[in-house]
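Below is one structure, written out as structure tokens; comments come after it.
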Amino acid sequence: MSLPSHVRLVEVGPRDGLQNEAQPISVADKVRLVDALSAAGVGYIEVGSFVSPKWVPQMAGSAEVFAHIQRKPGVTYAALAPNLRGFEDALAAGVKEVAVFAAASEAFSQRNINCSISQSLERFVPIMAAAKQQGISVRGYVSCVLGCPYEGQVAPEQVAAVARELYAMGCYEVSLGDTIGTGTAGATRRLFEVVGAQIPREKLAGHFHDTYGQAVANIYASLLEGINVFDSSIAGLGGCPYAKGASGNVATEDVVYLLDGLGIHTGINLEALIGAGLQISSVLGRPTGSRVAKARNAG
Ligand code: HMG
Ligand code: MG
């Protein structure tokens, strides 16, 4: 498979990254981050979540963040919605694209959204209907595609079954999440071979947490499997509140560096991106998780 000339990056730092932070982060700091990302040329930003504030307190201010960001033409500003209530709140906040999230493992589904996989898919049906009526695009996630913190190994066939349901109900793209970052390049290729036999590969995305330091290799393996959309997190922010020990997604800066080196266009300016990552890292009071940003700023 030849490499693509263009890759679309989905920036999940303001959501997947910040959702895991225990310290309060002001709406102004979140807005500054989103605006810095769009200014760097990021075309798709997951800004927040409309989930229960008891489950994920950090995302409680998502409507306010949406109210204050400067919407740059051509940029998609998206949010997670776990149920119809979340979808309606997102709509009221002016969100034009939402993401629903299911899991490939029953135990993770229970811990993350307090229901079984099939119950979660049932919950998405009314969201899909309302979204269609309102002209809102819906992206789908499957978690634990390369391992589960509670169940261990997860079969690619199980991932394919859940991904196929999401695609069949109308998700325009399904992002496969290595929630705990245990996946390897070999397992990633097998995963996309199995899932890609059931869903067109151009409708799939890769979402790699970097807990084991494999995410950049897994993205390269995915590119070789014909996958052209990847989720990443500025400064490598985050983890998942329901996957203990999981670290953030692969740093966006490191993915852009990889893709620049392959001559693959992203539309993102690496220097401006590094600036955005350093700014939020200083707000959080810790070093950036991007190896590229660290290297560029050493000495
Ligand atoms: P539940 O407790 O079963 O729901 O939670 P419920 O319907 O019984 O409601 C309980 C309370 O929550 C009620 O309030 C509801 O009104 C409220 P109370 O009467 O107790 O005051 N509620 C809501 N509030 C605000 N927004 C809503 C909403 N829905 C109910 N939308 C629920 C079920 C799904 C709501 C809960 O489990 C939840 O919010 N979970 C979200 C978990 C989450 O956000 N996890 C992180 C994102 S997923 C992720 O990171 C993985 C990903 O990155 C991919 C990967 O890496 O694998 C996407
Ligand atoms: Mg994630």
Side-chain angles (χ1 to χ4, degrees), residues 4-19 25-50 59 61-81 86-100 127-128 130-141 170-175 202-203 205 207 228-235 237 249 251-253 255-257 259-260 263-280 283:
S5 58
H6 183 96
V7 151
R8 188 158 64 80
L9 291 184
V10 169
E11 171 59 51
V12 297
R15 192 280 302 170
D16 203 345
L18 298 185
Q19 73 181 7
I25 304 160
S26 70
V27 168
D29 282 326
K30 292 178 181 173
V31 168
R32 198 171 302 124
L33 173 61
V34 172
D35 289 345
L37 290 164
S38 63
V42 176
Y44 189 118
I45 307 169
E46 217 172 61
V47 173
S49 296
F50 291 86
M59 290 290 109
S62 290
E64 248 191 291
V65 179
F66 271 97
H68 290 96
I69 51 175
Q70 280 184 11
R71 293 179 193 244
K72 194 174 154 190
V75 174
T76 302
Y77 298 94
L80 292 194
F87 175 80
E88 282 165 355
D89 289 352
L91 209 63
V95 178
K96 298 283 187 278
E97 174 156 334
V98 300
V100 295
I127 298 184
M128 300 311 297
K132 196 169 175 193
Q133 206 177 21
Q134 303 283 341
I136 302 278
S137 303
V138 184
R139 193 170 192 249
Y141 278 109
C171 291
Y172 74 92
E173 182 173 285
V174 181
S175 177
E202 65 271 19
K203 302 292 184 190
H207 176 109
N228 298 336
V229 182
F230 298 100
D231 306 349
S232 61
S233 180
I234 186 74
L237 296 179
N249 283 86
T252 310
E253 299 91 318
V255 181
V256 170
Y257 184 82
L259 298 172
D260 281 353
I264 298 174
H265 183 71
T266 60
I268 298 174
N269 178 301
L270 181 57
E271 296 312 317
L273 192 66
I274 289 173
L278 293 176
Q279 188 181 48
I280 186 65
V283 168

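Computed from a prediction, not measured in an experiment: that's the story for all the values here.
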Can you name the closest pair of heavy atoms from [X] and [Y] and give their distance?
X: Val95; Y: Ile136; answer: O-CD1, 3.5 Å
X: Cys171; Y: Arg139; answer: SG-C, 4.0 Å
X: Thr252; Y: Ile234; answer: OG1-N, 3.1 Å
X: Ala93; Y: Phe50; answer: CB-CZ, 3.8 Å
X: Ala81; Y: Gly86; answer: CB-C, 3.8 Å

Output the distance between atom [atom1] ([X]) and atom [atom2] ([Y]), rounded to the nearest 0.5 Å.
X: Asp89; Y: Ser49; atom1: CG; atom2: OG; result: 12.0 Å
X: Arg71; Y: Ser38; atom1: CZ; atom2: OG; result: 11.5 Å
X: Leu37; Y: Ile280; atom1: CG; atom2: CD1; result: 9.0 Å

Salt bridge (Lys or Arg N to Asp or Glu O under 4.0 Å) for Arg32 and Asp29? Distances and angles first, verdict last.
CA-CA 5 Å; Arg32 198 171 302 124; Asp29 282 326; 2.7 Å; yes
Decide if atom OH of Tyr257 counts as having more than 12 heavy atoms of other residues, nucleotides or ligands within a radius under 6.0 Å.
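Open.
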Check whether any side-chain heavy atom of Val12 lies under 4.5 Å from a side-chain heavy atom of Tyr141, and answer yes or no.
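Yes, at least one pair of side-chain atoms sits under 4.5 Å.
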Going by distance alone, is a donor N or O of one side chain under 3.5 Å from an acceptor N or O of the other, for Asp16 and Ser233?
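No pair is found: no donor N or O on one side chain lies under 3.5 Å from an acceptor on the other.
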